[in-house]
Undergrad: 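Got a structure for you, questions after.
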Amino acid sequence: MTVDRDQMGPAEGGLDRPTAPHRTRMERFWRLFQKNRMAVIGLAIFILFFLTALAGLVLTSGTDPIFDPAQIRLSEKLRPPFSMINPEVLTPAEVPTLALYILGTDDLGRDVFARMLQGAWVSLTVGFVAVGISVIIGIFMGGIAGYFGQRRIRLHQCLAASAAAAAAAALAAGLGWLAVAFGGAAAFLLLLAATDRRRRWPAVKSLSAGVITVDTLVMRVVDIMLCFPSFFLILTVVALLPASLYNIMIVIGLTSWMGTTRFVRAEFLSLREQDFVLAARALGVGNFRIIFRHMIPNAVAPVLVSATIGIATAILTEAGLSFLGFGVPPPHATWGNILSDGRRFIFDAPWLTFVPGVAILIVVLSFNLFGEGLRDALNPKLRSRT
Amino acid sequence: MISFIARSAFQKMVTLFFVSVVSFLIIHLAPGSPSQVDPLNPKFTPEMVERFRQEFHLDKPLHIQYLLFYRNLFTGRTVSWKDNRSVLGKIGERFLNSLPLFIVGTLLTWTLSFPVGIRSAIERGGIYDRTATFLSYLLISIPGFFFAYILIIFVVTKFHVPVIGMQTFGLGTTSSLHVFMDRIWHLLLPSVLGATGGVAVLSRYVRSQMLEVEGQDYIRTARAKGLPAEQVHYRHALRNALLPFVTMVGLILPGLIGGSVIIESIFSWPGMGRMAYEAILARDYPVILTVNFISAVLVLAGTFVSDILYMVVDPRIRL
């Protein structure tokens, strides 16, 4: 990095003082980031949402929660927001903590405010876990493709993998002896290559011919995944699996890692050629230590951006699934299923649609704005200008 | 060129094969089986289930089922498990319903996003740019069906026109103009909704492309030699900024079949997306797999077309 001459006053111009700018990377990032007002607002809402979700977890869980999202009051259904409770029809156990329905009640007389609080945590979990899964897979696959990309997969490894897959298939089909045969073949191939590392036997030599590079393999898998229409795939899998919160998070995560893989691979391809990686390798640092300690911290910026936007997409996907009837099943409230339950009463009780709808809109918008601000602030082209 | 096309086509065939295997496995290895869709139905006796399983080869091992299914698909003999109609015929019928939605949606997307994106780029940082940016984020962030309900309520209460379905039921004797207008009204909302996301994303992309080109040296040269701003923007900048969008023509192909499950469900539009959704509900595996296969073909064809177009329009690309 060149020395920024404007940073040095005349009094401190000597070379005995450090001449680099005094701002750390974080400070420079923050200076750039705060110029984007919409992104700062997005960050503020993001933090607020996070705190709300935490508060929601604390206030609505347990055996005797402060706000009970599951308390049914059939005599108090579809009350508009800010309506006072009607003490004559409620038993003492049914009276909500605030004696007021801040956001009204739904068709079963449940307090929408309590449900929104609970739903905030569930929606946040769906977003974070789904994106967490996709980021982990994405970094792993992208890292392998970018770092070990030039290595070739040997023929015997291919054969062993297909034999193992055939064994698994045979096991699933209930053909025990076939499974054992295929499993034995896989083990034999691997053993054969392991015992004869110098490849003296001609059979082993031809077996260990390179077939395909790791990079090609990973990127073809990405291509295959990209061929599926994503929402349709998610819908199919979620509809076929038993309904559960975890299935939805896992399925969204497993179908959205391709973008991250591509980013990480691209970053790794350029980082691998840089001097600090060469230095690390020369010092004898192991491959995985180089990947995790030296390369991933440098490749994390685009991943962070796509993760932020991915959380927003996951929350929207969950809402879409709820609309089609495959969302998170009833004991959990999410903003998506409050919204899709409320649409039946859109004329009688518009707050049941608008409260969760606007909440989702604001949160997703804040994630998107924050993510875009992050992208601009982390963009090296813009960074060099300040 | 020829070698690139051959190589690429071969690669895409291999990908397609794996897609077919993976989608087949996903569907068939999921828990539950199609013969158990309705276990409480008294007509569904064990003999019926057994006959059903034999009829549709469900008693065969998986790899045989796979071969049978794709043999039937390529010879056009696949039938839906639900109503025994030919799957391709069903898809063709629904495809014709989805086509107007797709065409109007795509036209709206492409005609709206270019002016918006270009103006945003020219007036970078101005009030128009900031409004357009914010609006496009708003449109990306709004849950689709929530937005659809707002629009439906707005249109129905303001203009008093029916919007659900493809046309109003029982318009038999009215004039053809009336019927035509009725179709237009029914078409308008779903296609606008389908286009919103596209406009938001594409206009941002147009903007960033324009900005990128406007920063180039030859634009500065054009300005420096005193060309009018119009000419610089539209003759020098826009032409070069348009280059990447040629390739995107190929990428809209998959939208042909995907349709939108959610939008078609809201508007009771009997299109592809809705058919796929109903097939999922009924565990109608042949329909699900066929839709999946066709959409994979379209994705691959789309990327193939865009690769070739890119080579044609940009002589710098040598693949």
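To find a chain, count down the sequence lines: A is the first, B the second, and so on, and within it residues start at 1.
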Undergrad: Calculate, to the nearest 0.5 Å, the distance between atoms CD and OG1 belonging to E372(A) and T133(B) respectively.
TA: 9.5 Å
Undergrad: With side chains defined as the heavy atoms from C-beta onward, is the minimum distance between L324(A) and F145(B) less than 4.5 Å?
TA: no
Undergrad: About how many Å separate CD1 of I362(A) and OG of S141(B), when rounded to the nearest 0.5 Å?
TA: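 It is 10.5 Å, given to the nearest 0.5 Å.
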Undergrad: Among T313(A), I315(A), N368(A), which residue has the highest count of heavy-atom pairs closer than 4.5 Å to chain B?
TA: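 Looking at each of T313(A), I315(A), N368(A) in turn, N368(A) comes out on top.
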Undergrad: At a heavy-atom separation under 4.5 Å, does L365(A) approach chain B through its side chain, its backbone, both, or neither?
TA: both
Undergrad: More than 12 foreign heavy atoms under 6.0 Å from OH of Y128(B): is that the case here?
TA: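 Yes, because the 6.0 Å sphere around OH of Y128(B) holds more than 12 heavy atoms from other groups.
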Undergrad: Quick one: side chains of residues 217-235 of chain A, donor-acceptor pairs under 3.5 Å with protein atoms, not counting sequence neighbours, listed by atom name and distance.
TA:
residue, atom, partner, partner atom, Å
R220(A), NE, D223(A), OD2, 3.1
R220(A), NH2, D223(A), OD2, 3.1

Undergrad: Residues in ring-ring contact (aromatic ring centres under 6.0 Å, His included) with F354(A), at least two apart?
TA: F146(B)
Undergrad: What's the separation between atom CG in L321(A) and atom CD1 in I262(B), rounded to the nearest 0.5 Å?
TA: 7.5 Å
Undergrad: So for A319(A), is it side chain, backbone, both, or neither that comes closer than 4.5 Å to the heavy atoms of chain B?
TA: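 Backbone plus side chain of A319(A), per the 4.5 Å heavy-atom cut-off to chain B.
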Undergrad: Please flag which part of T303(B) lies under 4.5 Å from any non-hydrogen atom of chain A: side chain, backbone, both or neither.
TA: neither
Undergrad: Taking non-hydrogen atoms and a cut-off under 4.5 angstrom, which of residues 335-343 of chain A neighbour chain B?
TA: L339(A), S340(A), R343(A)
Undergrad: Heavy-atom pairs under 4.5 Å with chain A are the metric here; pick the option from V19(B), I142(B), V299(B), I26(B) that has the most.
TA: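 Top option by heavy-atom pairs under 4.5 Å: V19(B).
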Undergrad: Can you confirm whether R262(A) is buried at CZ, in the sense that more than 12 heavy atoms of other residues, nucleotides or ligands lie under 6.0 Å from that atom?
TA: no
Undergrad: Count the heavy atoms belonging to other residues, nucleotides or ligands that lie under 6.0 Å from CZ of F18(B), then report whether that count exceeds 12.
TA: no
Undergrad: Not counting sequence neighbours, which residues clear side-chain contact (heavy atoms from CB on, under 4.5 Å) with V40(A)? List them please.
TA: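 Counting only residues at least two positions away or on another chain, V40(A) forms a side-chain contact (heavy atoms from CB on, under 4.5 Å) with F33(A), Q34(A).
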Undergrad: State the CG-OH distance between L369(A) and Y137(B), to the nearest 0.5 angstrom.
TA: 6.5 Å
Undergrad: Does a side-chain heavy-atom distance below 4.5 Å link I153(B) with F347(A)?
TA: yes
Undergrad: Measuring from atom OG1 of T236(A) to atom CG of N292(B), what distance do you get when rounded to the nearest 0.5 angstrom?
TA: 6.5 Å
Undergrad: Is it the backbone or the side chain of I140(B) that comes under 4.5 Å from a heavy atom of chain A, or both, or neither?
TA: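 Contact with chain A involves both backbone and side-chain atoms of I140(B).
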